[in-house]
Number of protein chains: 2
Amino acid sequence: MGATKTDHFTESQNELAVLAKALGHPARIAIMEYLLKVDACICGDIVNELPLSQPTVSQHLKELKNAGLIKGNIEGNSICYCINEPGLEKIKGFFQHISDHLAKKRSECC
Amino acid sequence: MGATKTDHFTESQNELAVLAKALGHPARIAIMEYLLKVDACICGDIVNELPLSQPTVSQHLKELKNAGLIKGNIEGNSICYCINEPGLEKIKGFFQHISDHLAKKRSECC
DNA sequence: ATTTTATATCGTAATATTGCAATATAAATA
DNA sequence: TATTTATATTGCAATATTACGATATAAAAT
């Protein structure tokens with residue numbers, strides 16, 4: 001065991017889990033916040049922003065990219081990273097949906 | 001190594017990561033969706049909804065509870081679970097914030 | 001052409017997660 | 001009180017994640 005039983009869940013559930021999992025690490029939250037803060041794509045510079053080694057940061061960037069939360073374009077010497085909106089909108093939609101639903105049907109119990 | 005270096009990140013970053021991580025598994029997405037679907041607290045019944053054993057489901061419920069995404073009240077024989085709004089609003093806010101920010105500052109590059 | 005700069009990949013140790021059988025707990029019911 | 005029902009905990013094997021040193025790659029600058 002140890003492996004997630006993805007087969008038994010819907011594609012949508014697996015997709016949302018992948019997106020959420022990608023953000024399930026403070027370094028990856030920090031990367032997203034940094035990309036947002038600078039208000040543009042960042043070419044270089046990300047490694048210096050984080051308290052982690054270059055290989056570790058590179059790995060975190062790869063995971064965010066695989067999940068579809070950021071994208072990276074080669075820009076000469078360095079790589080230009082920015083937030084990938086479609087991925088972000090997908091997971092945002094999930095929370096929006098839950099929140100909207102809860103707002104309507106409050107006060108059942110608990 | 002192997003342990004996350006939480007010390008080097010802000011409390012907010014760690015908090016968001018814990019919330020996201022809790023949803024980083026399809027079974028836990030499925031639990032949230034189920035709680036939402038039935039539109040009320042669920043006393044019993046969750047185990048039968050998932051393709052996993054009772055101990056495994058119990059563990060997933062515990063993780064969602066620890067993260068602050070659901071709450072469970074003992075209701076006689078069984079336990080009543082429902083979504084915990086404050087936790088949900090916190091992570092929803094993160095995505096909302098990013099989305100709003102992106103909407104304003106589009107078209108920089110990439 | 002060599003060196004520098006920016007990033008990725010490999011290998012590997014430490015730790016965490018996933019899943020379940022077995023077992024424990026505790027209230028409800030017979 | 002004994003049994004059933006609902007859920008939690010323990011223990012453990014399989015797998016995944018985290019982190020980083022060493023090394024690779026590839027464009028830019030010297």
Side-chain angles (χ1 to χ4, degrees), chain A residues 1-9 13-14 17-31 34-35 41-67 69-82 110, chain B residues 1-9 13-14 17-31 34-35 41-67 69-82 110:
Chain A
M1 286 109 229
T4 296
K5 284 181 142 187
T6 51
D7 300 3
H8 298 101
F9 299 97
Q13 286 166 343
N14 282 311
V18 164
L19 287 164
K21 193 175 192 173
L23 290 166
H25 191 292
R28 297 195 289 266
I29 294 281
I31 289 170
Y34 184 62
L35 287 178
C41 297
I42 279 309
C43 307
D45 216 4
I46 292 186
V47 170
N48 303 321
E49 278 298 313
L50 296 179
L52 296 168
S53 74
Q54 181 270 320
T56 304
V57 173
S58 182
Q59 198 176 273
H60 283 308
L61 286 166
K62 190 180 177 183
E63 273 168 69
L64 284 171
K65 206 168 158 190
N66 285 343
L69 283 164
I70 65 174
K71 53 188 173 177
N73 295 64
I74 296 173
E75 183 85 8
N77 201 16
S78 61
I79 292 188
C80 235
Y81 281 109
C82 32
C110 294
Chain B
M1 286 106 227
T4 296
K5 285 180 144 189
T6 51
D7 301 4
H8 299 100
F9 299 97
Q13 286 166 343
N14 283 310
V18 164
L19 287 164
K21 192 176 194 174
L23 290 166
H25 191 292
R28 297 196 288 266
I29 294 281
I31 289 169
Y34 183 62
L35 287 178
C41 296
I42 280 306
C43 307
D45 218 3
I46 291 186
V47 170
N48 302 321
E49 278 298 313
L50 296 179
L52 296 168
S53 73
Q54 181 270 320
T56 303
V57 173
S58 182
Q59 198 176 274
H60 283 307
L61 286 167
K62 189 180 176 183
E63 273 170 69
L64 284 171
K65 206 169 156 190
N66 285 342
L69 284 164
I70 65 174
K71 53 189 170 177
N73 294 65
I74 297 173
E75 184 86 8
N77 202 17
S78 60
I79 292 187
C80 234
Y81 279 109
C82 31
C110 294

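Residue numbering restarts at 1 for every chain, and letters A, B, ... go by the order of the sequence lines. Because only heavy atoms are used, hydrogens play no part in the values below, and waters and symmetry mates are left out as well, while side chains stay in.
Side-chain N/O atoms of B:K62 include one lying less than 4.0 angstrom from OP1 or OP2 on D:dT9. Considering only side-chain N and O atoms, A:K5 lies under 4.0 angstrom from the phosphate OP1 or OP2 of C:dC20. The phosphate of C:dC20 (OP1 or OP2) has a side-chain N or O of B:S53 nearer than 4.0 angstrom. Side-chain N/O atoms of B:K21 include none lying less than 4.0 angstrom from OP1 or OP2 on C:dA16. Distances shown here put every side-chain N or O of B:H60 at or beyond 4.0 Å from the OP1 or OP2 atom of C:dT17.
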- Message: Within the 4.0 Å limit for protein heavy atoms, which parts of nucleotides 24-30 of chain D are touched? Write it as a string from 5' to 3', B for base, S for sugar-phosphate only, - for none.
- Response: ---BS--
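Across all strands, B:T56 comes closer than 4.0 Å to base atoms (heavy-atom distances). Here A:S58 lies in heavy-atom contact (under 4.0 Å) with a base.
Of the candidate nucleotides C:dA8, C:dT18, D:dT15, C:dA8 has the atom lying nearest to any side-chain atom of A:Y81.
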- Check against side-chain contact (heavy atoms from CB on, under 4.5 Å), B:L19 and A:L23: CA-CA 9 Å; B:L19 287 164; A:L23 290 166; over 6 Å; no
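Mapping B:V47 and B:F9 onto DNA chain D by nearest heavy atom places B:V47 closer to the 5' end of the strand.
Taking only distance into account, the side chain of B:Q54 meets the base of D:dA8 through a donor-acceptor pair shorter than 3.5 Å.
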